[in-house]
Amino acid sequence: PEVATRDEAPSPLAHAIVLLEYVTLGTELRRVVSVIKQRETSHLLTVREFMLTSAGLKVDASAASAEAILAGPEGPLSARNRKQRPVPKG
């Protein structure tokens with residue numbers, strides 16, 4: 001989905017940009033999260049699986065499950081369906 005802004009890119013408007021993705025693995029829907037940009041602080045550039053539980057949001061401590069999800073049964077998802085996204089500056 002697109003967001004209409006007066007600026008050409010939403011990057012200058014946000015302190016942090018978090019990308020949430022849904023990946024279908026067989027008949028199961030899995031979720032992954034990555035931090036695209038975070039101002040004035042360093043952040044990990046890894047993708048992590050996250051789950052919505054009765055206790056709230058749980059982000060996996062390891063990137064291994066996200067790597068397995070994105071690899072999928074037919075090879076790396078990045079080579080098949082994922083679009084390369086530029087990392088915003090700032």
Side-chain angles (χ1 to χ4, degrees):
E2 293 185 27
V3 177
T5 64
R6 284 184 268 167
D7 216 342
E8 288 188 18
S11 181
L13 303 175
H15 182 72
I17 298 176
V18 177
L19 177 64
L20 304 174
E21 295 182 87
Y22 295 96
V23 179
T24 305
L25 193 57
T27 59
E28 189 176 0
L29 181 65
R30 306 285 290 268
R31 300 172 181 98
V32 294
V33 61
S34 54
V35 176
I36 304 298
K37 171 191 162 185
Q38 188 169 350
R39 281 197 190 140
E40 300 175 13
T41 184
S42 61
H43 61 280
L44 296 174
L45 298 175
T46 56
V47 178
R48 303 293 174 110
E49 181 177 17
F50 74 94
M51 287 77 54
L52 300 174
T53 70
S54 59
L57 181 72
K58 179 181 181 270
V59 178
D60 204 341
S62 167
S65 64
E67 186 175 333
I69 291 167
L70 295 175
E74 298 176 19
L77 184 61
S78 59
R80 204 173 62 239
N81 294 328
R82 290 180 62 137
K83 296 179 183 175
Q84 293 295 327
R85 295 179 180 88
V87 176
K89 295 179 183 177

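Cluster membership for Val23 and Val47, using ILVMFWY side-chain heavy atoms within less than 4.5 angstrom, is shared. Met51 and Leu57 fall into different hydrophobic clusters, where Ile, Leu, Val, Met, Phe, Trp and Tyr residues are linked whenever their side-chain heavy atoms come under 4.5 Å apart, directly or through other members.
No side-chain donor-acceptor contact under 3.5 Å links Arg48 to the backbone of Ala66.
Here the NZ atom belonging to Lys58 is positioned 12.0 Å from the CG atom belonging to Leu52, to the nearest 0.5 angstrom. Taken to the nearest 0.5 Å, the NZ atom of Lys37 stands 14.5 Å off from the CG atom of Leu19. Remark: Arg31 CZ to Asp60 CG distance equals 14.0 Å, nearest 0.5 Å.
Here the shortest heavy-atom pairing between Ser34 and Thr46 reads CB-O, 4.0 Å. Closest approach of Leu25 and Ile69 over heavy atoms only: CD1-O, 4.2 Å. When all heavy atoms of Val32 and Phe50 are compared, the closest pair comes out as O-CE2, 3.5 Å.
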